[in-house]
Amino acid sequence: MICVMKFGGTSLSNAKNFYKVFKIIKKKNKNYTVAIVLSAPHKITNYLIQTIKQSIIKKNFKIIIKKIKKKIKKIIKNIFKIDTNIKIKKILKKSKKKFLILKNLLNKIKKNKKFSNKTYAEISSMGEYFSVLIMKNIFTAQKFNTTVLKPEKFFIITKNSSKKIINIKKSKNNFKNFKIKKNIITLMPGFIAGDKNKNKTTLGRNGSDYSASVLSVCIQAKKCEIWTDVDGVYSCDPKIIPKSKLIKKISYKNAINFSKLGAKIIHPKTIFPLKKFNIPCIVKNTFNKKCKGTKIKKISYKNKKNFFGIAINNKIKLLKIKFFSKNNFKKFSYLVLKKIKKHNISFIFKKIKKNLLKLIFIYKKKYSKIIKQKILKNKNILNFTKKSKISIKNNFALISILTKFKKNNFLIISKIYSYINFFKKKIFFNNKNIKNVFNLIVKKKNYIKTIRKIYSSIFYKKHTINVLLIGVGKIGSTLLDQIYSENKSLKNKNIKINILGILNSKKILFKKKGINLKNWKKKFKKNKKFFYFKNFIKILKKKKFLNTVVIDCTSSNTISKKYIKFLKLGLNIITSNKKANTGNFEYYKKIRYQSNKKKLKFLYETNVGGGLPIIQTLQSLQNTGDKLIKFRGILSGSLSYIFGEMEHGVKFSEAVKKAYLKGLTEPNPREDLSGIDVARKLLILSREIGCSLELKDIKIQPILPINFNASGNVEKFLQNIKKLDNFFHEKIIKSKNNKTKLKIIGEIDKNKISQVKLIKIKKKDPLYDIKDGENAFSFYTKYYQPKPLVIRGYGAGKSVTASGIFTDLLKII
Ligand code: ADP
Ligand code: ASP
Ligand code: MG
């Protein structure tokens, strides 16, 4: 059984680590025939490439060479200290020779101001040469036989491949005469392949992973192990998010996507050949051998698990072109796009801003050369761009969030959206492939902070909901008191409700870190800051808050008209205010469109039935395929109370007065008795089941006699209704005689006609016993019939309504 093992630069950073690697290989060799691929010692490739860059601009490269020499010599000398059998003189002599070659090559570059591919490969791969030289001598000193493969003789790059893809078929053929043996340790430098003339060429930075993968295919290995400095593939770079999760198993496909998007744990090209030949790849930690690492392998659909990962690529560039005229823009953008297609350049982000005459492209650094040479310096294009402003910046980073779920996980996706909503101005957001990948492009200086925020908002158990409360009347105040008294139990559930602002039509109390709710009333009273809507919006725009909700506890039309603005600012909305849901249908639809688009929540459970779960029940019935056939309900607490009292013999006027004094009615009881409040609730329910109705479409059968004069102030009204005592008394007696009860109900019938009416209810009807201010809702549905689904309970009052808002609030998590 053959095992290919690749050790990266991080595993080969000093002599001790070289020896560690030796021991790992030795152990593996007990059960496996091994082939070893080595990278350059940590950072050496960077230094070598720097020497080339220095030479080409005729600058001194000697300081960098000194650094390289120092590091290599240190490894060699220290390895000798660990094992004195190692032939140190031989190694030093060979490395001296190599440094001489390096100097000569660099001098040549300096003189000619250019270099060939072969020279570049020769220089940049010297680190790998040293690694193999050292490792070979460690094995020899321990009496192991070794053989060293020259990758340029085996691996052949496909023709015209600027992407440096190895031709597997040809390469496999080159291994035909190679016989791998268990008692001989096969060593090979990674990162290199041969061109068609078998001259050295490199495989791209981090390319040793790819070398190991192709070698595994060519020698038919059982597995390919990538040894590095972390335990395996994590959901995010553990050096950025130390708490990120280790992925134990991952499919080839997910690993390919993840690495392509920038997870640099494995080179993007690595997995393709392994996938094709079904060779598992195991990522393991040189410094924590016991950990099983990550297995990348074929995973059947049945066993596929959700995959979540954040990849980072901070090697991206942003090209901005601003044109001076419309004409110039039109012709140029066409030409540029044509060239892009021709040269197969793929962009991470592309924006054509016609009205601003701007083109914006974000691309991977590897395309820099081709973009400069083939597009910006193209003769035809140059003519157009002479007067244009062109800027190329590299101060951006790409954050890609991969969310591959077997079933759509809306929770995570909406969390990502809630993040994006807040930072939209600061990030470019590419939703080209919205289903699985979210690409965010952020300023490089912010990228670590941004990733941490995204990660914590998705994974950490502590949830913070920021709240802006508008309206501190009875319900708003009770809500704050409830939140305060639940503080401890919320803490135990890892939930923090952060009250950022409390405001009413006059004043605003705002604290970025949250208002301590102890004595909030006093604080609010003392506070002298006036509330101006414009200033409030300014604060929201300036200070971005994640996961924030506006709670509207007013009955104000002015506030309900701002909902679209709130949503556009990335704020969720919870409202007990019925105005928006009962206003014109266009606005009703707009709110839903905007909240859907922004993946923000718009919750209004308390609009109907106070704290009773009416809206959510109706929504979930419909979401699960049920259909409302008919609805009947007692939707008004005050009317339920008034008619209940009358059944007990209380006069109509007395009952109304009692309800008024108990605070059960609207400030003006006429509103309740006019039936308009019930009509509003009925409208909300009908719209919920898909009827495009306006308030005027809800029929209201008059409750009070038509000729009754209901004018005047509340006092006068309460006085005047005494004249109706007999009228209602007679009705009550009549219905009692019929063994029915008189009730005002809201109804949606089979034909979706909604009306408020005063009717006699029979004993078997669930609404028969409803009194004392209770509400009741009977839903006759496809599944719930002939007996309806009934929800009953107190449908008004500050405590139940506030708790209904509280329930909505916890849905924001
Ligand atoms: P080597 O020298 O072994 O090739 P690299 O530096 O190329 O090592 O790759 C290993 C590094 O990749 C880790 O140290 C880690 O910081 C980084 N990395 C980035 N993304 C991930 C990820 N999703 N999981 C694990 N490591 C990651
Ligand atoms: N030494 C090369 C590099 O640093 C290849 C590798 O490490 O995989 O890019
Ligand atoms: Mg690597």
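Ligands are counted one by one from 1 in listed order, and the atoms in each one are counted from 1 as well.
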Task: Side chain N197, main chain N199, donor-acceptor under 3.5 Å - done: no
Which pair of non-hydrogen atoms, one from [X] and one from [Y], has the smallest distance, and what is that distance?
X: S208; Y: L38; answer: OG-O, 4.3 Å
X: I156; Y: E152; answer: CD1-O, 4.3 Å
X: Y210; Y: K164; answer: CE2-O, 3.5 Å
X: L48; Y: G127; answer: CD1-N, 3.5 Å

For the residue pair [X] and [Y], categorise the inter-ring angle as parallel (less than 30°), tilted (30 to 60°) or perpendicular (more than 60°).
X: W227; Y: F7; result: parallel
X: F175; Y: F178; result: perpendicular
X: F347; Y: Y363; result: perpendicular

If you count the non-hydrogen atoms of other residues, nucleotides and ligands that lie under 6.0 Å from [atom1] in [X], is the total more than 12?
X: K275; atom1: NZ; answer: no
X: K94; atom1: NZ; answer: no
X: K444; atom1: NZ; answer: yes
X: K153; atom1: NZ; answer: yes
X: K43; atom1: NZ; answer: no

With a cut-off of 4.0 Å, which atoms of ligand 2 are near a heavy atom of [X]?
X: S39; result: 6 (C), 7 (O), 8 (O)
X: F191; result: 2 (C), 5 (C)
X: R205; result: 3 (C), 4 (O), 9 (O)

Protein contact of [atom] - nearest heavy atom, named by residue and atom, plus distance:
atom: atom 1 (P) of ligand 1; answer: T10 OG1, 3.5 Å
atom: atom 13 (C) of ligand 1; answer: D229 OD1, 3.5 Å
atom: atom 14 (O) of ligand 1; answer: K239 NZ, 2.5 Å
atom: atom 16 (O) of ligand 1; answer: D237 OD1, 2.7 Å
atom: atom 23 (N) of ligand 1; answer: Y234 O, 2.9 Å

One residue to check: [X]. Relative to ligand 1, which of side chain, backbone, both or neither has a non-hydrogen atom less than 4.0 Å away?
X: K6; result: side chain
X: F258; result: side chain
X: V230; result: side chain
X: N206; result: side chain

Which atoms of ligand 1 are found less than 4.0 Å from any heavy atom of [X]?
X: P238; answer: 24 (N), 25 (C), 26 (N), 27 (C)
X: T228; answer: 1 (P), 3 (O), 8 (O), 10 (C)
X: G232; answer: 24 (N), 25 (C)
X: V233; answer: 24 (N)

- [ ] Could you name the option among H267, K245, K264 that has the heavy atom nearest to atom 6 (O) of ligand 1?
- [x] K264
Open item on the list: Measuring from non-hydrogen atoms of E128 to any atom of ligand 2, is the shortest distance under 4.0 Å?
Closed with: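 E128 counts as a contact of ligand 2 under the 4.0 Å cut-off.
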TODO: Tell me, please: is G9 in heavy-atom contact with ligand 2, that is, under 4.0 Å?
DONE: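 So G9 does not count as touching ligand 2.
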- [ ] Consider every N or O of S208 and every N or O of ligand 2, then say whether any pair is closer than 3.5 Å.
- [x]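 Yes, there is a polar N/O contact under 3.5 Å.
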Task: Nitrogen or oxygen of D209 less than 3.5 angstrom from that of ligand 2 - done: no
- [ ] Determine whether any heavy atom of S11 lies closer than 4.0 Å to an atom of ligand 1.
- [x] no
TODO: For S216 and S213, test the side chains for any donor-to-acceptor distance below 3.5 angstrom and give the result as yes or no.
DONE: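 Absent: no donor and acceptor within the cut-off.
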- [ ] Report yes or no: is the cationic atom of K98 (NZ for Lys, CZ for Arg) under 6.0 Å from the centre of the six-membered ring of F130, at an angle within 45° of the ring normal?
- [x]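 No, K98 does not sit over the ring of F130.
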- [ ] Using the ring of Y32 (Phe, Tyr or Trp, six-membered ring only), decide whether K222 places NZ or CZ under 6.0 Å from its centre and within 45 degrees of its axis.
- [x] no
Open item on the list: Quick check on side-chain contact (heavy atoms from CB on, under 4.5 Å): which of N112, L106, I52, L105 does T119 satisfy it with?
Closed with: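 With T119 as partner, side-chain contact (heavy atoms from CB on, under 4.5 Å) holds for just one option, L105.
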Open item on the list: Could you enumerate the protein N, O or S atoms under 2.8 Å from the Mg ion (ligand 3), written like residue then atom name?
Closed with: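 Hits for the Mg ion (ligand 3) below 2.8 Å: N206 OD1.
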Open item on the list: What I want to know is whether G9 and ligand 1 share at least one N or O pair that is separated by under 3.5 angstrom.
Closed with: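 Yes: some nitrogen or oxygen of G9 is under 3.5 Å from one in ligand 1.
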